[in-house]
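Notes follow once the structure below has been shown.
Here is the naming used below: chain letters follow the sequence lines, and residue numbers restart at 1 for every chain.
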Amino acid sequence: MLQSSNKNRPSPELLDLRRRIRHSAAHLLADAVLEVIPAAKLTIGPPTDDGFYYDFDLPRPVTPEDLERLEGIMRQRIKADLPFVGKEVTKEEAAHMYADQRYKLEILEDIPPGEKITLYSHGKFTDLCRGGHVDRTGQVSAIKLLNVAGAYWRGDEHNPMLQRIYGTAFESQSALNQYLKNLEEAQKRDHRKLGIEMGLFVFNPIAPASPFFLPKGTALYNALVEYARGLYKRYGYSEVITPQIFETELWKRSGHYQHYIENMYVINIDEREYGVKPMNCPAHALMFGAQAHSYRDLPVRFADFGRLHRYERSGVTHGLTRVRTFAQDDAHIFCRPDQVEQEIRTFVAMLDQTYKLLRFEDVRIRLSLRPEGRIGTEEMWDRAEKALANSLTGQGLEFEPVPGEGAFYGPKIDFLVADALGREWQLGTLQLDYNLPERFDLDYTAEDGSKQRPVVLHRAMFGSIERFLGVMIEHFGGAFPVWLAPVQARVVPIADRHSAYAEQVRDALQAAGIRAEVDSRSERMQAKIRDAQLQKIPYMLVAGDREAAAGAVAVRMRSGEDKGAMPLDKVKEMILKDVVDGT
RNA sequence: GCCAGCGUAGCUCAGUGGCAGAGCAGCUGUUUCGUAAACAGCAGGCCGUCGGUUCAAAUCCGACCGCUGGCUCCA
């Protein structure tokens, strides 16, 4: 769902109607495709949250002109107001009917014996289908085909690539129009677009999927990093700096060489092989192992903003949200088994506090539970999963348990947030790891003098800082809270003769640690205000004759609010208060 | 990696086989202005790259690179 549509959430009845309309629209689409491309092989066509799709195996690509033609045929069917008619058949009857439709036959094969097999028809078109339609095609009302994409049959990349046609349908033209308008609005918040417009970062094909952060983007980036450092001081983390490149010996020991090498940058030099780090954990394990630890020292919390490189397959990268070089607000907590639960709780509380500060309200939390082929005892998994679940409920957070999705070395919690177009990205994460300490033979000395194995927690609030920034840019539509804004205040001299005073104002603000600049172009004030608005700068400080005489500036807020002339000291105080309050 | 689409000035885009274009941004000049776009001029291009077809290619064909949407992947 679009974030902007979260207010005025549709009723369950309307959602059900839309589901049936969209499912029906998928039938109309299949009907139309068969008319235009009779050789088409049909597969499945379900409704989605925002519309529907239908997957076809086609002898030729679908063109944009096809989409228009298909839409036209679908509209004819809607106008004809044909009834949807269901009919129960035997497997043999259905198989006979779909003799030349191999995918439908495969679907039939998989229907367990005894289960009802139903066909639904409108006009001359019939589809194998469980049902859930509107009564007549006329009720489909408003449709729009959106795009064509490739999709593997049954989602398996070894299967043939099908052509998926995406569309949407609504109960009325006005609801459809509203949706399309929201979509357009959401596209304006695309971080890749805003990144260029606001001068935050650029990309260059010479380093694919690798952002170059411009000064303003770097200010934003560093604001997040400094925020994390602030928390670390209060939460007992110790920041460390670790190498970028390690001999592959290390990656063999950590297991990355066996499981992750495809995603690593490997360098051969001096007849030795090195790997650029895709993660920090092995380095932290080495550091922990380099010193003797008493049970009294634990937990040890190593935080690392080190740059990571992962070779992501071409075709999966995406703006800032899926890149090949990034840093995380990464930390590894080495603790005693009896400390695990407290550490989890503290982290979850810290993350919750942070997401609330950033007004990330629609966060989906997934708890990935024990997979097949795991290490450790059942008792250990029981305890670990329970500790994770308790820490979430203790913080009043709802989560979704996902059986079988945990790592082989431990369960994990993922925090997912949607971008402007509703695509979810994993941001924060917390993983329990019982494997790393084994592989690196880590220990601490217990009270009784025995050597004990610590437990490791991998954790990040932001996850990849790049990805977090991408989602955050879209979340705020570029209008960042003052503490994050790359430019917190822009001084706007009315005429050239006010430039010197404007520069004094800027210098005074900068001296107070405020990110301020002057727009000294020979432009009219209106144009400067407009540009500052478009840059979503929180404070516009107008400096003219009256202000210069009074040691003041006229304060205009990004919201358009005009606070009138205020003494410079007051303005400084107001901005700094915003920074402290996180507003 | 796979399917499809796209790639023209810093940005947004027009240009479908015959001299490379517009708006915005930039620069220069004029204007010195009170809360969302002053006026004029100038400059800006290997039309992603390489190859092919053609008398002639931004335009047609192929390969590669990059980006976009989706699929797969995401220790």
Side-chain angles (χ1 to χ4, degrees), chain A residues 53 55-58 60-64 66-67 146-166 187 190 192-193 196-197 199 202-209 251 254-264 278-279 281-282 308 310-319 321-322 406-410 412 414 421 423 425-426 429 431 433 435-436 458 463-464 467 492-499 521-535 540-547 553-558 560-565:
Chain A
Y53 65 82
D55 285 347
F56 304 94
D57 191 355
L58 301 175
R60 65 168 180 88
V62 174
T63 62
D66 286 328
L67 289 189
L146 297 168
N147 49 6
V148 188
Y152 297 106
W153 167 235
R154 297 199 152 156
D156 186 332
E157 69 176 315
H158 304 292
N159 283 339
M161 173 72 61
L162 307 171
Q163 294 192 63
R164 174 172 296 179
I165 300 178
Y166 281 95
Q187 276 156 0
D190 190 315
R192 293 165 299 195
K193 198 175 156 68
I196 293 171
E197 288 171 6
V202 292
F203 284 90
N204 189 308
I206 206 72
W251 305 114
S254 67
H256 288 91
Y257 203 84
Q258 295 81 340
H259 299 286
Y260 202 65
I261 194 72
E262 249 83 273
N263 286 286
M264 285 178 61
M279 292 168 206
C281 18
L308 307 176
R310 298 183 185 174
Y311 179 76
E312 301 286 354
R313 291 164 93 186
S314 69
V316 306
T317 60
H318 182 100
T321 48
R322 188 96 182 255
F408 74 91
Y409 53 73
K412 62 174 180 172
D414 291 323
L421 286 174
R423 294 174 291 216
W425 298 95
Q426 183 195 308
T429 184
Q431 303 187 12
D433 191 340
N435 181 52
L436 188 75
H458 309 249
S464 148
R467 173 178 287 179
V492 175
I494 290 180
D496 288 349
R497 65 175 179 279
H498 307 120
S499 284
R521 292 174 304 164
S522 169
E523 279 289 349
R524 291 168 67 221
M525 184 200 54
Q526 280 88 338
K528 296 181 188 180
I529 293 282
R530 178 172 192 269
D531 289 343
Q533 275 303 142
L534 291 173
Q535 290 292 306
M540 283 156 264
L541 309 176
V542 177
D545 289 328
R546 298 199 298 265
E547 289 78 13
V553 285
V555 179
R556 180 193 160 104
M557 311 295 287
R558 174 166 64 186
E561 184 194 353
D562 185 352
K563 285 192 180 299

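- Straight-line distance between the P atoms of B:C27 and B:U8: roughly 24 Å, to the nearest whole Å.
- Looking only at atom types and distance, the side chain of A:D496 has no donor-acceptor partner in the side chain of A:S499 under 3.5 Å away.
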So if I define the base as every atom that isn't primed, P, OP1 or OP2, how would nucleotides 64-70 of chain B read as a B/S/- string at a heavy-atom cutoff under 4.0 Å? --SSSBB
Can you give one letter per nucleotide of nucleotides 25-35 of chain B, going 5' to 3': B for a protein heavy atom under 4.0 Å from the base, S for sugar-phosphate only, - for none? ------BBBBB
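- Under the ring-ring contact (aromatic ring centres under 6.0 Å, His included) criterion, A:Y260 pairs with no residue, sequence neighbours left out.
- Atom CD of A:E262 sits in a sparse spot, with 12 or fewer heavy atoms from other residues, nucleotides or ligands closer than 6.0 Å.
- With sequence neighbours left out, A:R521 forms a side-chain contact (heavy atoms from CB on, under 4.5 Å) with A:D519, A:E523, A:K528, A:D531.
- B:C33 is unpaired under the Watson-Crick or G-U wobble criterion, no partner having all donor-acceptor distances under 3.5 Å.
- With contacts defined as side-chain heavy-atom distances shorter than 4.5 Å, the pair A:D55/A:Q163 does not qualify.
- The side-chain contact (heavy atoms from CB on, under 4.5 Å) test applied to A:Y152 returns A:E157, A:M161, not counting sequence neighbours.
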Please list, pair by pair, any protein nitrogen or oxygen found under 3.5 Å from a nitrogen or oxygen in nucleotides 5-16 of chain B.
none

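- For B:A40, the paired nucleotide is B:U28, the pair qualifying as Watson-Crick or G-U wobble because both relevant distances are below 3.5 Å.
- Side-chain to base pairing of A:R154 with B:C71: no donor and acceptor N or O lie closer than 3.5 Å to each other.
- Between A:F408 and A:H259, the ring-plane angle classifies as tilted under the 30° and 60° cut-offs.
- Looking at which nucleotide of RNA chain B each of A:N435 and A:G155 is closest to, the 5′-most match is held by A:G155.
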